[in-house]
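Accompanying notes for the structure given below.
Within every chain, numbering begins at 1; the chains are lettered A, B, ... in the order of the sequence lines, protein sequences first and strands thereafter. Since the model is a prediction, treat every value here as computed from it, not as a measurement.
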There are 2 protein chains.
Amino acid sequence: MPTRVAPPDPAYLTVQRWLREGITQGRWRVGDRLPSEAELVAQFGLSRMTVNRALTELHAQGLVRRVKGSGSFVAPLERLAATLQVRDVHEQIAERGHVHQAQVLALDRQTPPPAVAAALQLRKGGTAFYSQLLHLDNGVPLQVESRWVHPARAPQYLKQDFGQVTPTAYLLQVAPLVGAEVQIEAALAQPHEARLLGLSDAQPCLVVQRLTHSHEGPVSWVRLVHPGDRYVLQGKVTT
Amino acid sequence: MPTRVAPPDPAYLTVQRWLREGITQGRWRVGDRLPSEAELVAQFGLSRMTVNRALTELHAQGLVRRVKGSGSFVAPLERLAATLQVRDVHEQIAERGHVHQAQVLALDRQTPPPAVAAALQLRKGGTAFYSQLLHLDNGVPLQVESRWVHPARAPQYLKQDFGQVTPTAYLLQVAPLVGAEVQIEAALAQPHEARLLGLSDAQPCLVVQRLTHSHEGPVSWVRLVHPGDRYVLQGKVTT
DNA sequence: CAGTGGTCTAGACCACTAC
DNA sequence: TAGTGGTCTAGACCACTGA
């Protein structure tokens, strides 16, 4: 078996890494002008299209601000706010090597509360699909998922077996996602949620509410309740 | 004054939008093969570099999977996780048009708890700068910020007036940020935090903990405690 | 083998900025 | 006006895939 040789980095990545390191090491500080494309062409012996690609990608990543007619500058870092991911509970549990189970507590058609009806843009008095699941991590209750689904976006919703595939995964398949709004807060669980999670009423919970959109319009409104002592949202920022 | 004419979209954006709409409207579903670069070249009458740019950017955005020798495919959407921002409290308050004030409750040098000392990679028994601030939104307590700062990263930290500039903004200036780890949970405030926020002990709080890194190493560890009924993290997902 | 995407070149024209 | 970035072309060579 021949030795695996690492392929050499593309030239545009070499330029990119050189600029990136100069920025993080303080050679250029916020607001400073970076070398122009022409200077980089001369320095690295590449074509302009290649160094342009390096700079264009750094711009897309938010590290560099480019001004036509003026130059490329180190972007202000305040914009590089922390972003953190809100992911499907099944993935989160599986990633830890734990067993995920889901109990389907409700799956039917109901009249949603007015706020939900408005978010889903339902006709006045219209109904929607409703599901409630309890997600278990190695048998321990981790999340109560209460979800309203716009009937037109997922007509077969009620026929699914959500013990096997999570509603999140199913909806992503049938209603291509184009956006979402997420809201995270700390609150007390509602009494029946607390009972399902095995909590006393007074325990703080992390509550995630999310409204997803497909191209056709709102798809689903969901409320995820997690016991505060068993669930932590983790995130990383990498410039 | 002449009428402002909208500049025409670049050609690569036209191709990109055409592909993007085909995907969200279901013309191609997850896993389907998209037209090859050569086909797009023929269809749009552009050079290969231009359609390549359109596809490369869609790939960078996670919408498309590209396989050398095989083709471009619609990427599985499960990867499109929600990301949300954790921002400087001053910006958040100012954005709502409210008045932000900060009371400096502590600003000195102390011995940090072992977990913090480890996170900041301090020598055994070493000390660090400590600050504690109470942030007010229109006079109402919104956040208790307890922060430990590595002395080598911001030697002038104790001389700052944090009633004027938040520690977050100051540290971003003096210690270029290259990454961070964030953790969000729901928990009860510690007794003295609850007192500062004007809460009864039993109220749930949204607690954000964050460790920031500069190129030289760890900069700061911070714990932000917010009353659950006065603070919500908002986020958006856009594909 | 033909077809695919990954990368790169050496030009080009344009709109914009700063002097 | 000289320099900058934004875009585009018409080629090219390569590594890889699938029939």
| query | With sequence neighbours excluded, what pairs up with A:Ser214 under the side chain to side chain contact (heavy atoms under 4.5 Å, CB included) test? | reply | A:Arg153, A:Ala175, A:Glu216, A:Val219
| For B:Asp88, all residues meeting side chain to side chain donor-acceptor pair (under 3.5 Å), sequence neighbours excluded | B:Thr166
| query | What residues in residues 10-18 of chain B put a non-hydrogen atom under 4.0 Å from any atom of DNA chain C? | reply | none
| request: Could you list all the salt bridge (Lys or Arg N to Asp or Glu O under 4.0 Å) pairs where at least one residue sits in residues 42-61 of chain B, not counting sequence neighbours? | output: B:Glu37-B:Arg48, B:Arg53-B:Glu57
| message | Using a 4.0 Å heavy-atom cut-off, does B:Leu46 contact any base of the nucleic acid, only the sugar-phosphate backbone, or nothing at all? | response | sugar-phosphate
| For A:Thr50 and C:dT9, is the shortest distance between a side-chain N/O and OP1 or OP2 below 4.0 Å? | yes
| query | Does the ring centre of A:Trp18 sit less than 6.0 Å away from the ring centre of A:Phe44? | reply | yes
| NA contact type, A:Ser72, heavy-atom cut-off 4.0 Å: base, sugar-phosphate, or nothing? | sugar-phosphate
| field | Pairwise side-chain contact, A:Leu142 with A:Leu136, heavy-atom cut-off 4.5 Å (strictly under) | value | no
| request: Mark yes when over 12 heavy atoms from residues, nucleotides or ligands other than B:Arg29 sit less than 6.0 Å from its CZ; otherwise mark no. | output: no
| said: Please tell me if B:Arg66 has a side-chain N or O lying less than 4.0 Å from either OP1 or OP2 of C:dG6. | reply: yes
| Residues within residues 33-42 of chain B bordering DNA chain D, heavy-atom distance below 4.0 Å | none
| With respect to the side chain of A:Ser47, which nucleotide from D:dT7, D:dC8, C:dT9 is positioned closest? | C:dT9
| Are side-chain heavy atoms of B:Arg223 and B:Trp148 found at a separation under 4.5 Å? | no
| query | When you check the phosphate oxygens OP1 and OP2 of C:dC8, does a side-chain N or O of A:Arg53 lie under 4.0 Å from one of them? | reply | no
| task | Flag the pair A:Leu34 / A:Phe73 as yes when at least one side-chain heavy-atom distance between them is below 4.5 Å, and no otherwise. | result | no
Heteroatom pairs (N/O) under 3.5 angstrom, protein to nucleotides 11-15 of chain C:
| residue | atom | partner | partner atom | Å |
| --- | --- | --- | --- | --- |
| C:dA12 | N6 | A:Arg48 | NH1 | 3.1 |

